[in-house]
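Please read these numbers as outputs of a predicted model, since none were measured by experiment. The figures that follow rest on heavy atoms only: side chains count, while hydrogens, waters and symmetry mates do not.
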Amino acid sequence: QEYKNVLTNKQGELSHLLIGFTKGINFCSYAAGVLPVAGMRIYTPGDVEAVNGTDVRLKCTFDSQIPINPRSLTVSWTFKPLTKGREESVFYYHEKPYPPPDGLFRKRVSWAGDVMGRDASIIIKEVKFTYNGTYTCQVKNPPDAHGALGEIRLLVVTTASFSELLLLAFAIGGGITVLVILLLVIVSLRKYRRRHREQGGIEEAPRKERKDPTAW
């Protein structure tokens with residue numbers, strides 16, 4: 001019993017020492033102007049749908065409490081298929097883009113981000129059904145290198161969903177309407193100019209003098 005009491009007292013003293021040591025480090029950090037790392041925050045859309053054979057942009061933005069250092073910042077994209085399979089590297093960025101030299105995404109991924117703009121997005125070209133799965137975006141800006149990962153679940157479909165088709169129809173209809181209005185304006189301007197010219201020609205035409213029939 002006495003041994004247990006001594007052990008408990010020693011553990012308590014050690015805990016107090018660790019707490020005091022941690023406070024001392026934090027105090028020194030603040031005194032030196034070094035702020036504690038709050039953790040990297042990653043933002044992704046969650047679910048993304050793309051039509052088979054088209055290009056899709058996987059958007060990933062981030063927020064860091066540390067000023068962006070383009071020389072040390074890194075971006076890593078990985079892919080995990082819906083079916084059982086190993087995780088595969090999709091893309092890597094460190095000062096410049098490093099597309100995968102081989103594998104499922106060879107010559108299919110391009111950089112679409114801007115690290116100074118806190119954007120780590122990529123574009124996957126001509127998506128296939130084998131690209132169905134979860135894509136993970138990880139950004140490290142040392143010493144801000146810890147935080148939640150951004151995930152995107154990509155679903156490759158045969159045709160676009162009803163909402164996408166509706167938006168496409170509105171876009172096409174709006175484009176056609178604009179073209180029709182432009183054509184009407186052009187035709188109206190041409191008619192106006194032609195009519196103006198014709199009226200000007202009539203006013204400027206010389207008048208023939210009438211001869212007096214009684215004059216010899």
Side-chain angles (χ1 to χ4, degrees), residues 37-70 72-177:
V37 177
M40 181 73 67
R41 289 193 290 271
I42 309 292
Y43 306 98
T44 52
D47 296 329
V48 174
E49 187 177 288
V51 179
N52 181 41
T54 62
D55 299 348
V56 61
R57 185 174 187 264
L58 301 185
K59 186 177 180 180
C60 175
T61 56
F62 60 91
D63 188 17
S64 176
Q65 300 299 321
I66 308 299
I68 301 299
N69 185 354
S72 60
L73 185 141
T74 61
V75 178
S76 302
W77 280 88
T78 55
F79 166 72
K80 189 174 182 181
L82 290 176
T83 57
K84 293 181 180 180
R86 63 181 181 84
E87 191 174 70
E88 184 172 345
S89 176
V90 177
F91 198 86
Y92 183 76
Y93 180 96
H94 182 208
E95 294 191 89
K96 66 177 182 178
Y98 290 92
D102 51 20
L104 185 64
F105 297 95
R106 182 175 179 269
K107 295 183 178 181
R108 291 297 186 99
V109 187
S110 61
W111 176 247
D114 176 16
V115 294
M116 298 308 296
R118 291 173 169 78
D119 189 351
S121 304
I122 59 173
I123 292 178
I124 301 181
K125 304 173 184 178
E126 300 177 359
V127 295
K128 302 182 291 186
F129 293 110
T130 52
Y131 290 172
N132 280 320
T134 302
Y135 294 78
T136 302
C137 173
Q138 183 180 29
V139 183
K140 293 182 179 181
N141 182 38
D144 198 353
H146 302 284
L149 303 178
E151 289 189 349
I152 297 177
R153 290 171 295 277
L154 178 63
L155 178 62
V156 180
V157 296
T158 305
T159 56
S161 61
F162 177 76
S163 58
E164 291 178 342
L165 290 174
L166 190 62
L167 288 174
L168 182 62
F170 276 124
I172 295 173
I176 293 173
T177 302

Next item on the list: Dump the intermediate steps for side chain to side chain contact (heavy atoms under 4.5 Å, CB included) on Val139 and Leu73, then the final yes or no.
Entry: CA-CA 7 Å; Val139 183; Leu73 185 141; 4.2 Å; yes

Note to self: Which residues pass the side chain to side chain donor-acceptor pair (under 3.5 Å) test with Asp55, not counting sequence neighbours?
What the structure shows: none

Next item on the list: Apply the side chain to side chain contact (heavy atoms under 4.5 Å, CB included) test between Val127 and each candidate in Leu155, Val56, Asn132; give the one that qualifies.
Entry: Val56

Notebook entry, point to check: What's the verdict on side chain to side chain contact (heavy atoms under 4.5 Å, CB included) for Trp77 and Tyr93, showing C-alpha distance, side-chain angles and the deciding distance?
Noted result: CA-CA 9 Å; Trp77 280 88; Tyr93 180 96; over 6 Å; no

Could you check whether any side-chain heavy atom of [X] comes within less than 4.5 Å of a side-chain heavy atom of [Y], counting everything from C-beta outward?
X      : Y      : answer
Ile68  : Asn141 : yes
Ile42  : Gln138 : no
Ser110 : Ile123 : yes
Tyr92  : Thr74  : yes
Phe79  : Pro81  : yes

Approximate separation, where rounding is to 0.5 Å, of [X] [atom1] and [Y] [atom2]:
X      : Y      : atom1 : atom2 : result
Arg118 : Met40  : CZ    : CE    : 9.0 Å
Tyr131 : Leu58  : OH    : CG    : 11.5 Å
Arg57  : Ile152 : CZ    : CD1   : 9.5 Å
Thr134 : Leu82  : OG1   : CG    : 6.5 Å

Note to self: Looking at Lys107, I'd like to know if its NZ atom is crowded, meaning that more than 12 non-hydrogen atoms belonging to other residues, nucleotides or ligands lie closer than 6.0 Å.
What the structure shows: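 Not more than 12 within 6.0 Å, no.
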
I'd like to know if the side chain of [X] reaches the main chain of [Y], judged simply by a donor and an acceptor atom lying under 3.5 Å from each other, with no hydrogens or angles considered.
X      : Y      : value
Thr44  : Glu151 : yes
Thr61  : Asp119 : no
Glu88  : Gly103 : no
Arg106 : Pro101 : yes

Next item on the list: Check salt bridge (Lys or Arg N to Asp or Glu O under 4.0 Å) between Asp47 and all other residues, then give those that pass, not counting sequence neighbours.
Entry: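 Asp47: salt bridge (Lys or Arg N to Asp or Glu O under 4.0 Å) contacts with Arg153.
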
Notebook entry, point to check: What are the two closest non-hydrogen atoms of Trp111 and Ala120, and how far apart are they?
Noted result: CH2-CA, 3.7 Å

